[in-house]
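Working notes, structure below.
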2 protein chains.
Amino acid sequence: MTTPKSTGNTSCHTHCTHGHSHDSARAPGEPRDLRDHLRRESLRVTGPRQAILAVLQEHPHPLTNKEIFAALRPGQCDLATVYRSLHLLEDMGLVTRFDFGDGVARFEIIRGDARGHHHHLVCTSCATIVELEDCLAREWEERITRDSGFKEVTHKLEFFGLCPTCQDAKPGTRRQPQKRATRRRGPSISV
Amino acid sequence: MTTPKSTGNTSCHTHCTHGHSHDSARAPGEPRDLRDHLRRESLRVTGPRQAILAVLQEHPHPLTNKEIFAALRPGQCDLATVYRSLHLLEDMGLVTRFDFGDGVARFEIIRGDARGHHHHLVCTSCATIVELEDCLAREWEERITRDSGFKEVTHKLEFFGLCPTCQDAKPGTRRQPQKRATRRRGPSISV
DNA sequence: CCACATTTGCAAACGGTTTGCGTCTGAGCT
DNA sequence: AGCTCAGACGCAAACCGTTTGCAAATGTGG
């Protein structure tokens with residue numbers, strides 16, 4: 001259950017092609033911001049919500065609901081509340097949902113410091129996650145908007161590969177035709 | 001269950017920036033190809049497998065397991081067999097799995113005629129799907145491979161938006177804070 | 001036509017996620 | 001401070017896509 005494997009390290013920000021302004025002009029994910037957002041919609045500032053956001057703030061990588069739940073003090077709140085709170089935080093725009101195609105949602109806090117919309121590089125073997133700087137597909141959104149007639153065009157883009165560590169521990173040739181190991185969720189991510 | 005909604009129309013191939021060679025030099029998804037692949041690995045050419053591949057060949061858009069199952073003659077095969085066969089076809093490289101982030105896998109046959117790796121534009125309201133020509137992110141894979149130390153880098157990229165039809169039938173402002181409609185799977189795709 | 005490994009159908013299990021409902025609580029008001 | 005009540009929470013059950021165990025059915029090479 002609580003496999004801590006999925007949170008990797010390896011900070012490999014591929015590029016840094018923008019000013020990287022270090023002024024912290026109200027980061028969206030800050031505690032104050034949570035209060036403001038909730039007040040504005042006459043919702044309650046509760047312990048679970050603050051605790052969950054705090055966990056997200058301490059972790060620089062996408063976390064699953066269970067991982068967030070595990071990072072909370074035992075008995076601090078129910079798993080169902082974690083799910084509900086993350087929907088709320090997502091709707092309020094404080095948190096981004098990521099989908100690595102393994103059927104588990106992951107969440108990351110939205111930081112003010114130029115760490116907004118971005119993508120990930122995920123190891124298909126150990127699920128180590130590398131954050132990629134900035135977005136790559138904005139201009140395509142525009143082109144597609146023009147050509148398709150769609151509106152409010154957004155995108156999801158994630159990269160997958162074998163991380164340096166897993167390249168060594170390679171278990172021979174992969175892709176046996178049938179008869180492979182179980183397909184039930186493991187630490188790895190099938191692409 | 002069998003909502004046929006998710007298969008849209010609207011063929012809007014955004015560009016066509018390559019020779020579009022019309023020679024059908026052995027398309028991967030053809031029946032003959034299925035036989036070859038199976039024989040090569042001493043697997044059986046069964047009715048269900050041929051039928052499933054045939055359904056995929058008739059449909060130009062990604063289909064879910066259930067949609068494929070529904071397109072088969074009643075009693076032709078079990079839903080579990082559909083799941084198993086699609087894993088097989090995917091492993092053999094005859095079919096591509098797509099993930100639109102709604103927790104349901106979709107499959108599309110791999111055609112030989114320059115319709116290999118490509119992406120989609122999905123309406124977040126009615127789930128209409130538009131096929132986008134070719135791939136846009138190949139060069140990024142190379143760059144990321146260089147910069148990260150990962151190997152065998154691949155990617156998943158899908159676009160989402162409001163299709164022309166759904167732009168009109170817009171139900172006022174969206175994004176109510178809490179208390180929105182059910183989150184259980186519907187025809188639409190939440191991004 | 002046989003023998004046997006591969007597949008299938010069926011039903012049950014699985015795991016992430018959502019929800020119904022009764023109880024609890026944050027926060028505005030007095 | 002105390003009241004009040006809409007909004008949150010905890011708990012457990014439901015949902016739903018997917019996977020799998022097992023016995024019976026079937027494709028294939030010899």
Side-chain angles (χ1 to χ4, degrees), chain A residues 1-3 6 34-35 38-52 63-70 72 74-91 97 99-107 176-187 190, chain B residues 1-3 6 34-35 38-52 63-70 72 74-90 97 99-107 176-186 190:
Chain A
M1 282 299 121
T2 51
T3 59
S6 53
L34 175 62
R35 301 191 93 82
L38 290 173
R39 285 258 173 72
R40 198 171 307 135
E41 319 208 37
S42 62
L43 301 176
R44 308 275 162 81
V45 182
T46 68
R49 288 173 182 175
Q50 295 176 96
I52 289 167
L63 294 181
T64 67
N65 284 282
K66 281 195 168 173
E67 289 169 339
I68 295 170
F69 178 64
L72 295 169
Q76 172 133 26
C77 92
D78 191 75
L79 180 57
T81 300
V82 175
Y83 277 96
R84 281 192 275 233
S85 296
L86 282 166
H87 273 299
L88 181 68
L89 294 174
E90 186 189 8
D91 289 345
R97 172 188 302 257
D99 168 31
F100 294 159
D102 61 346
V104 199
R106 286 175 173 79
F107 299 90
Q176 295 99 313
Q178 189 107 277
K179 194 140 283 180
R180 88 173 60 44
T182 179
R183 271 184 219 281
R184 292 262 162 80
R185 327 242 194 243
S190 63
Chain B
M1 283 293 127
T2 51
T3 58
S6 53
L34 175 63
R35 302 192 93 81
L38 290 173
R39 285 258 170 72
R40 198 171 308 135
E41 320 209 34
S42 63
L43 300 176
R44 309 278 161 80
V45 182
T46 67
R49 287 173 183 176
Q50 295 176 96
I52 288 166
L63 294 181
T64 66
N65 283 283
K66 281 197 168 170
E67 288 169 339
I68 294 169
F69 178 65
L72 295 168
Q76 171 133 25
C77 92
D78 190 76
L79 179 57
T81 300
V82 175
Y83 277 96
R84 283 190 276 233
S85 297
L86 282 166
H87 273 298
L88 181 68
L89 294 173
E90 185 189 8
R97 172 188 302 259
D99 169 31
F100 294 161
D102 62 346
V104 199
R106 287 175 172 79
F107 299 89
Q176 296 99 312
Q178 189 106 279
K179 193 143 283 181
R180 86 173 61 45
T182 179
R183 271 183 217 282
R184 292 262 162 80
R185 329 246 193 238
S190 62

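Just so we're clear, the structure is a prediction, and the values are computed from it rather than from any experiment. Note on naming: letters A, B, ... go to the chains in the order of the sequence lines (proteins, then strands), and numbering restarts at 1 for each one.
Atom CZ in R106(A) sits about 12 Å away from atom C1' in dG16(C), given to the nearest Å. Between the CZ atom of R49(A) and the P atom of dC24(C) there is a distance of 19 Å, given to the nearest Å. Going from atom CG of L38(A) over to atom P of dG26(C) covers 13 Å, rounded to whole Å. Protein atom CD of Q50(B) is 15 Å distant from nucleotide atom C1' of dT6(C), rounded to whole Å. At whole-Å resolution of the value, CZ in R35(A) and P in dA27(C) are 7 Å apart. Here dC9(D) presents its P atom at 14 Å from NE2 of H87(A), a figure rounded to the nearest Å. Rounded to an integer number of Å, the gap from CZ of F107(B) to C1' of dT18(D) is 10 Å. Atom P of nucleotide dG9(C) and atom CZ of R84(B) are separated by 8 Å, given to the nearest angstrom.
Proximity note for L43(B) (side chain, C-beta onward) versus dT18(C), dT20(D), dT7(C): the nearest is dT7(C). In this structure, of dA8(D), dT8(C), dG17(D), it is dG17(D) that holds the atom nearest to the side chain of Y83(B). Between dT18(D), dA12(D), dT20(D), one nucleotide has an atom nearer to the side chain of L79(B) than all others, and that is dT18(D).
In terms of heavy-atom proximity, V104(B) sits nearest to R106(B) at O-NH1, 3.5 Å.
Looking only at side-chain heavy atoms (C-beta outward), R97(A) and H87(A) come within less than 4.5 Å of each other. Considering only heavy atoms from C-beta on, F100(A) stays 4.5 Å or farther from D99(B) through its side chain. Using a 4.5 Å cut-off on side-chain heavy atoms (C-beta onward), L88(A) and L38(A) make contact. In this structure the side chain of L89(B) reaches within 4.5 angstrom of the side chain of L34(B), judged on heavy atoms.
Where G103(B) and T81(A) meet DNA chain D, the nucleotide closest to each residue was compared, and T81(A) sits on the side nearer the 5' end. Both T46(B) and R184(B) sit near DNA chain C, but only T46(B) has its closest nucleotide nearer the 5' end.
Residue N65(A) has no polar side-chain atom (N or O) positioned under 4.0 Å from OP1 or OP2 of dG16(C). OP1 or OP2 of dT19(C) sits under 4.0 Å from a side-chain N or O of T182(B). Contact check, R44(B) against dA5(C): no side-chain N or O comes under 4.0 Å of OP1 or OP2.
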